[in-house]
Asks: 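Sharing a structure here in structure tokens format.
In listed order, ligands and their atoms are each counted from 1.
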Amino acid sequence: MKIQHKVITILVSSFALMLVFLTIYGFLSDNQRIIHYNSIVESKKIIVKNVIQNQQGKYNQLVNDYSSWDGMVDFIKTPTKQWSASNLESMPAIYKVDYVWIYNPDLQPVFAKSITKLQCLDTLPIAKKQIPKLFKIGKNVHFFLKIGPNILEVFGGRVAGTKEYFHENTLTPRGYFFVAKWWDIPFIENLAITTDTDVEFDKSNKVSSHEIFADVKSDAHFVIRYPLLDENFKVVAVLKFENTLTTVARWGYYNQLTIITGFALLLLTIVLSISLINRWISYPMRRITKTLNTSDVSNISPILKRTDEFGKLSQLLVKHFEVQKQLYEEIDNHNKTQFALSEKEKSLSLLINNISDIVWTMDLNFVMSYVTPSVTQHFQYAPEEFVILKLEQLFIPKSVDEGVEFFTQMRDDLLKGKHHSNTGFQTELIIRCKDGKPLWVSVIAKPLFDDQANVTGIHGTMVNIDNYKKAIFAAAQAHQEVVNASAVKSDFMANMSHEIRTPLNGIIGMTELVLHTDLHDSQEIYVQNIKQSANVLHDIVTDILDFSKIEAGKLKLLNEQFELAEIVLLSLNVFSAKCELKKVELSCFIDPRLPKMVFGDPTRLKQVIMNILGNAIKFTDQGEIELRVTPLDKTYDPLHPQILFSIRDTGIGIPENKLHEIFDSFSQVDRSFSKKHEGTGLGLTISKKLVELMDGDIWVESKMEEGSIFKFKIPFLVSDSFEPAVFKQLEINRVVVFDNHQANIQTLQTYFDQLNINYQFFAECPISEKDMDQFKEAEVLFFNVQNHLLDYEDNLKSIRFFAQLGKKIVIIASPTIFFKIQKAVSVSKYPLFHLPKPYSFNVLYHLLEFVYSSKSLASTTIVLKKEQVVFPNKTVLVAEDNNVNFLIIKEMLKKMQVKVIGAINGMDAIDKLLKNDVDFIFMDIHMPDMDGVEATHVIRKMDDIEKQKVPIVALTADAMPGYKERCIEVGMDDYITKPYSQSTIINCLKKYLK
Ligand code: ADP
């Protein structure tokens, strides 16, 4: 129901109730009117009461008036007829009393008047003596006397005068004043009839003599009783008037009923209205108000289902609060976002204000729109001053073109879409600060795009790199100085090297020459020692030179094809004699899977191997040294082989804490060793640097007293046309090897496996014939013979036995031992075959091939004779200013049956060349007047074509990088560094004097 309907309902119901009330009221009023009317009729009934009561009041008043009258006092004192005539005579008639009489204080009558013919005063049936007693009760007396059938009502008062009258206690009577009136029976009866009142004489005597009772029990009932006295004032009867006023009572009842009903209806109307108003209006309003105050929608849930406006209002409120809640949530989120944003903004502005780099934006016309405050810090410009600068004004004059071009190029590229969206453009420019000073900045610029990915501008950063640039310039300058210093040092090293090498060359060459002369034993030992020391010195000089070359970054590696095994064996061969001397077993294993030829710098590889091997031999007094060359790991790619070189020794080992140090320059584990074992502490440093230059790595594992393994790996390149070697199947069925050397056994096993040869290894060779018999079937017998071993004799015995049987015997031994054995055995169907240690797979293969193909003793002589190389009829011109050196080379050449012509400088060389028929020239570089380079230059430019073609090989102590190139550049054919060996010279001549 709608509220308006509810209000109408409340009003209507109130109205209806009021109507009911009015109807009832009307009805009751109507009744009242009737009752009122009836009561008027009844009222006469109460007249009796009123008559009596009025009369009593009137007579009381009369008595009071006269008793307190001063005139009365005077009259009693002096009774005058005049006064009585004027004041008393007419009084009974006026006041309608039957008697008036007055006594003086002595109860003597002063005045008496009767208007009835009945008794006079004297006959007043009251004994005078009773009178004072009567007034003890009060000022006035009022009583009824029963006199015969009549009743006399008497009123009396003590006369006192005005002053005394009201002071009752002090009252001394001045006299007594009485009035009396007769109640005759007919009057009473008449009164009873007219007032419809019951009158009766009650003789029960239950009342006191002086009282009149007007007893109104209720509005509807009254009783008036008068006691009746005899002359002795004893109550002899009671006159009783009694009446019932029914209509008056009914009127009262109806009156009450009307009021109660009206009040009840009013109450009902009010309660009903209040409850309805409360239920329909106040309650929902309270709920809604509470909801609005607290925003708690649970307050309106009781009225949600109402169909009135409050119901709808509350539903709306619920929705409103839901929306409000969402709104608040959104506001909350918004606030949070706002907060986060403002925090971000704060930190951003903090960042912007605090970053020292300069961030800027500009449009495509290079008009700047923003720059961070940091611009002031670097360029002194306020941001607003900086943004209005034109591009041309930004840079110092020297940098303007570059700066403008940078930005213009970038813009053009961007507009042509040449660059990816986020490509940054970077450059370094010199800004012109406000005070005119130049400042280097690194500029990184990036494009700005709009929503459609169109380029709209450029933004970027400028970083102050002034200090950095200055530092770079300073560093470059310093570097240049260092480079210069280094060049000076290199020159110094080169000179030093040259200066040291030249006399060294003399020493070595001369000792070599001396050694070729007839010397007695001690002399030979001395000279050998000189040569050895000179070689050590040479090694040291070479090491220092290499080191300084590497340090100066001047060491360039060759990249030429070479035979890996050859280089490895060459390195080993150098040490084989030394090992033999030290009685240390030297073995080598080169994995047959490795490519034969690789690209790299063979000299430097050899140097590394020799360095490490040299150390191994140096620090190993017993046991063995093994060099293994294998693929680095199982994932071996023969076209890109990573080759691992391991050099294992059983020497003194290296303490763990020194392992990382030994590759440092001039580092030696224990200096005392260096005294015992010569060395500079540079060998491993150089090796490490060389391996690293070859893109490899070097490391060591070692245990004190057990030995060390140095390993290095190098990635080699092989020729594109490389194909793994294929070996022909050898038809050798059974090979027996007597060997107790583990490393060698392993090597042989691998090689035999590779060649599919059956083999058997025996640690000891047979000595008794019986034992030897079992090997009669073997095709080839291998003996690994070491001079120092105790079983050398056993080996010899065994070899001799099998040799006599005509077996093919291979002796694995050093050349010295082999020749010794060969000499001892002497007779054999087949020659003894020599497998010199260390050997490679190829060497073994070719040996076996040779052994397999050899038929009998007579056919082959395996003993190798020392090669005698001679170049008869050849003339070699040697340009050398140093006499000693000239002597050395001259002696060497003479042995080769070469005709030697000497020249003391470049000029002399040219002169001798022109005058002689020269086949070859050795040209020293540093010579007085004209050096070797210039001389070569002149020779190569000569008119004489023949002379131009003469091979020229540099012979110099200048080992510094660049020299060889210089020599080749001017037209020399080759380059030999001093000191050189005879074999180097032979090889060289072999190459050029064919
Ligand atoms: P050096 O010329 O003194 O041999 P290296 O650089 O070649 O200089 O070697 C440095 C040091 O490393 C050596 O002095 C030695 O103490 C230690 N060392 C090198 N190789 C070995 C090895 N095989 N066994 C024990 N110590 C070695």
Asks: When you compare the side chain of I925 with that of R966, does any pair of heavy atoms fall below 4.5 Å?
Replies: no
Asks: Just to verify, what does Y751 make a ring-ring contact (aromatic ring centres under 6.0 Å, His included) with, not counting sequence neighbours?
Replies: F589, F841
Asks: Relative to the heavy atoms of L682, which atoms of ligand 1 are at a distance of less than 4.0 Å?
Replies: 6 (O), 8 (O)
Asks: Are there over 12 heavy-atom neighbours, none belonging to Q622, within less than 6.0 Å of that residue's CD?
Replies: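 Open: at most 12 neighbouring heavy atoms sit under 6.0 Å from CD of Q622.
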Asks: Are any of the heavy atoms in K618 under 4.0 Å away from ligand 1?
Replies: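 Distance cut 4.0 Å: K618 passes for ligand 1.
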Asks: With heavy atoms of G653 as the reference, note each atom of ligand 1 found under 4.0 Å away.
Replies: 25 (C)
Asks: Tell me every residue that passes side chain to side chain contact (heavy atoms under 4.5 Å, CB included) with P631, counting only those two or more places apart in sequence or in another chain.
Replies: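 Testing P631 for side chain to side chain contact (heavy atoms under 4.5 Å, CB included), a comparison that skips the adjacent residues, returns D591, R593, L594, Y636.
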Asks: Would you check whether S708 reaches within less than 4.0 Å of ligand 1, judged by its heavy atoms?
Replies: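 Contact check S708 vs ligand 1: positive.
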Asks: Is the count of non-hydrogen atoms from other residues, nucleotides or ligands lying under 6.0 Å from E656 atom CD greater than 12?
Replies: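 It does not: E656 CD has 12 such atoms or fewer within range.
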Asks: Under 4.0 Å from a heavy atom of I654: which atoms of ligand 1 are those, numbered in the order shown and with their elements?
Replies: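 Those of ligand 1 that fall under 4.0 Å from I654 are 25 (C), 26 (N), 27 (C).
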Asks: Show the atoms of ligand 1 that are less than 4.0 angstrom away from any heavy atom in I662.
Replies: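 Ligand 1 atoms under the 4.0 Å threshold to I662: 12 (O).
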Asks: With under 30° as parallel and over 60° as perpendicular, where do the rings of F818 and H834 fit, or are they tilted in between?
Replies: parallel
Asks: Should the heavy atoms of other residues, nucleotides or ligands under 6.0 Å from NE2 of H660 be counted, would the total exceed 12?
Replies: yes
Asks: Should you measure from each heavy atom of G683, which atoms of ligand 1 turn up under 4.0 Å away?
Replies: 5 (P), 6 (O), 7 (O), 8 (O)
Asks: Using a 4.0 Å heavy-atom cut-off, which part of L684 comes near ligand 1: side chain, backbone, both, or neither?
Replies: both
Asks: Does K991 come within less than 4.0 Å of D974, counting only side-chain N to carboxylate O?
Replies: yes
Asks: Considering F619, F710, F663 one by one, which has a heavy atom nearer to atom 13 (C) of ligand 1 than any of the others?
Replies: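 Checking each option, the heavy atom nearest atom 13 (C) of ligand 1 is found in F619.
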Asks: For D649 and ligand 1, answer yes if some heavy atom of the residue is under 4.0 Å from a ligand atom, otherwise no.
Replies: yes
Asks: So, 4.0 Å and heavy atoms of G707: is ligand 1 close enough to count as a contact?
Replies: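 Outside the 4.0 Å threshold, so no.
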Asks: A616 heavy atoms, cut-off 4.0 Å: which ligand 1 atoms fall inside?
Replies: 23 (N)
